[in-house]
2 protein chains.
Amino acid sequence: MDHVARLSSRDPAGRRSDVVAEGLARLIQSGGLKEGDRLPAERDLMQRYGVSRAAIREAILALANRGLVVTRLGHRPVVRKPDYEIAIDKVGNLVGHLVVDRKGVWNLFDTRIFLEAALARWAASNARRDDIDELRAALAANRDAIGHSHDFDETDAAFHAILYRIPGNPIYPAVHKAYVEWLVQHWRTMKRGGDIDQMNYAGHVAIFDAIAGRDPDEAEIALRRHLVAAWEFVRSTFPAED
Amino acid sequence: MDHVARLSSRDPAGRRSDVVAEGLARLIQSGGLKEGDRLPAERDLMQRYGVSRAAIREAILALANRGLVVTRLGHRPVVRKPDYEIAIDKVGNLVGHLVVDRKGVWNLFDTRIFLEAALARWAASNARRDDIDELRAALAANRDAIGHSHDFDETDAAFHAILYRIPGNPIYPAVHKAYVEWLVQHWRTMKRGGDIDQMNYAGHVAIFDAIAGRDPDEAEIALRRHLVAAWEFVRSTFPAED
DNA sequence: TACTGGTTTTTGGTCGGACCATATGCTAGG
DNA sequence: CCTAGCATATGGTCCGACCAAAAACCAGTA
């Protein structure tokens, strides 16, 4: 009944902490520990699993690194079921380490252009009436924010976010959030005037018109043009190279 | 200035292990420790950072969980510069925890269809001569493998992999590798005969013909048809109908 | 010289106990 | 009733020790 039997001195399963982490992970995803539940104290767990507290701590740390629990000092670890956003968030700090050069950032930005172009195409073909209405509203908000850098960035991201939401797959919004987080540092540094906002807004208008006009090819073209122009600003944040 | 831990002696912004991990991570990405290098022994690090070995161990474990180092028993941790494949691999074992139900798997498979359809479209428009040749060769190998389940799976994946390689962005192959790993468990379980292979091969032929014929719309349609059919088999591995 | 085998050293993995820092809850005093 | 303060719970850190696996070393042999 108790699958967390004590670990014998000769265990084929690798590190103790891995065994504990695996057990706890299974416990969580099997529903034995629901989201928000606090898992047992370290001193309890070391008795249940028959291992030292160090092993327990390393196991919990592993879970925390995977995003399955959150740890606060003085608190028991709290279970947090992983969703796509957390998953991509976790890989985010890794990606942040490898988009340090222009090539890395371009690879990332390239996939954004590619994915978002496909999303624009999809929207042009499959967007529902209220999707279009939402885009229209976001576009209006974006226009009203021209000249106010912070607000414009907000409404800009909001407009693009709708494209990621239209297919109804929760993975896309998570990816979008990741793109914004990864790339924001590369354009937040540059000063810009209302003319740039004007240009970006015009790009949004073109995208919207194509989608509302149910023209997939034009939607893709408009979006590519818009993002390629945006890339020019991102690349300008890098020192001169090839 | 943001998430970087301050090294102030007054108020350590985080746990000691976090400070150490951050320091080592910075050391790695700054090139102080090149790929393949073995970082100092735990007993050395505890002296350098002036913290206990437990803190060092937790720091190294954190790095290992992030994929920046690999640890083997009796070995010093070996630096492994993160690449896209590792990044997605890391998020992979997380995703594996949340694609337990059909809805989760469908969300994932849906993105694959979406992305791969866009890739097929791209290939139809932008593939070079040798890309086409490679597809043709992969198609032939796939045909010859009909009836041999294992070989067919191999050549099947190889054919699709080419689509991910054509844009020349290393992120796509990494994503493909992840798809295969995440989804393989859901179709490896089902028995199938040569007729299924025949059907899948026919799908590949249709995709290739459309790409070679430079017909983006048809390429996307053919690929969607192919993968939607494949999904039917994936879904059949789930017991209850909802 | 080159190989082979075992011995010593290095190094990660584990353990137990202790102390500290913080959060929570209980309790006594206003 | 409310608040300050103490007791408790719990995570964070440290120490010193031992074990096991891998590596490094070295002597003996062919």
Side-chain angles (χ1 to χ4, degrees), chain A residues 4-25 27-28 33 36-80, chain B residues 3 5-25 27-28 33 36-80:
Chain A
V4 293
R6 285 187 136 74
L7 307 164
S8 70
S9 55
R10 299 223 326 267
D11 47 81
R15 290 188 289 256
R16 305 266 214 269
S17 59
D18 287 345
V19 177
V20 175
E22 187 56 34
L24 289 176
L27 231 168
I28 291 174
L33 287 173
D37 283 358
R38 301 178 306 177
L39 53 81
E42 295 177 354
R43 290 169 178 80
D44 285 349
L45 289 172
M46 62 184 283
Q47 301 238 3
R48 292 201 204 184
Y49 285 89
V51 299
S52 75
R53 201 171 147 220
I56 297 293
R57 284 188 55 75
E58 293 190 354
I60 292 177
L61 181 64
L63 294 182
N65 285 330
R66 289 186 221 171
L68 283 117
V69 300
V70 287
T71 61
R72 279 181 304 171
L73 198 156
H75 276 7
R76 308 241 291 277
V78 177
V79 174
R80 185 175 66 155
Chain B
H3 61 292
R6 309 170 194 78
L7 302 168
S8 158
S9 56
R10 172 65 190 88
D11 178 18
R15 297 182 290 249
R16 314 284 188 121
S17 59
D18 287 344
V19 177
V20 176
E22 189 57 34
L24 289 177
L27 231 169
I28 291 174
L33 287 174
D37 282 358
R38 301 177 306 178
L39 52 81
E42 296 178 353
R43 291 167 178 82
D44 285 348
L45 290 173
M46 61 184 286
Q47 300 231 9
R48 293 199 202 184
Y49 285 89
V51 298
S52 75
R53 202 169 145 219
I56 297 293
R57 283 187 57 75
E58 294 189 354
I60 292 178
L61 181 63
L63 294 182
N65 285 332
R66 286 189 231 171
L68 278 86
V69 299
V70 286
T71 62
R72 279 183 303 171
L73 200 159
H75 271 343
R76 308 240 288 275
V78 176
V79 174
R80 185 176 63 161

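Residue numbering restarts at 1 for every chain, and letters A, B, ... go by the order of the sequence lines.
- The heavy-atom pair separating A/Ser17 from A/Ala59 by the smallest distance is O-CB, 3.3 Å.
- Of all heavy-atom pairs between B/Ala21 and B/Ala62, the closest is CB-CB, 4.5 Å.
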Please determine whether side chain to side chain contact (heavy atoms under 4.5 Å, CB included) holds for the pair B/Val69 and B/Ile28, giving the CA-CA distance in whole Å, both sets of side-chain angles, and the decisive distance to 0.1 Å. CA-CA 9 Å; B/Val69 299; B/Ile28 291 174; 4.0 Å; yes
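- Atom CG of A/Leu24 is separated from atom CD1 of A/Ile56 by 7.0 Å, given to the nearest 0.5 angstrom.
- Here the side chain of A/Arg76 pairs a donor or acceptor atom with the backbone of A/Leu39 at under 3.5 angstrom.
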Readout for nucleotides 8-18 of chain D: B = base within 4.0 Å of protein heavy atom, S = sugar-phosphate only, - = neither; 5' to 3' it is --BBBBB--BB
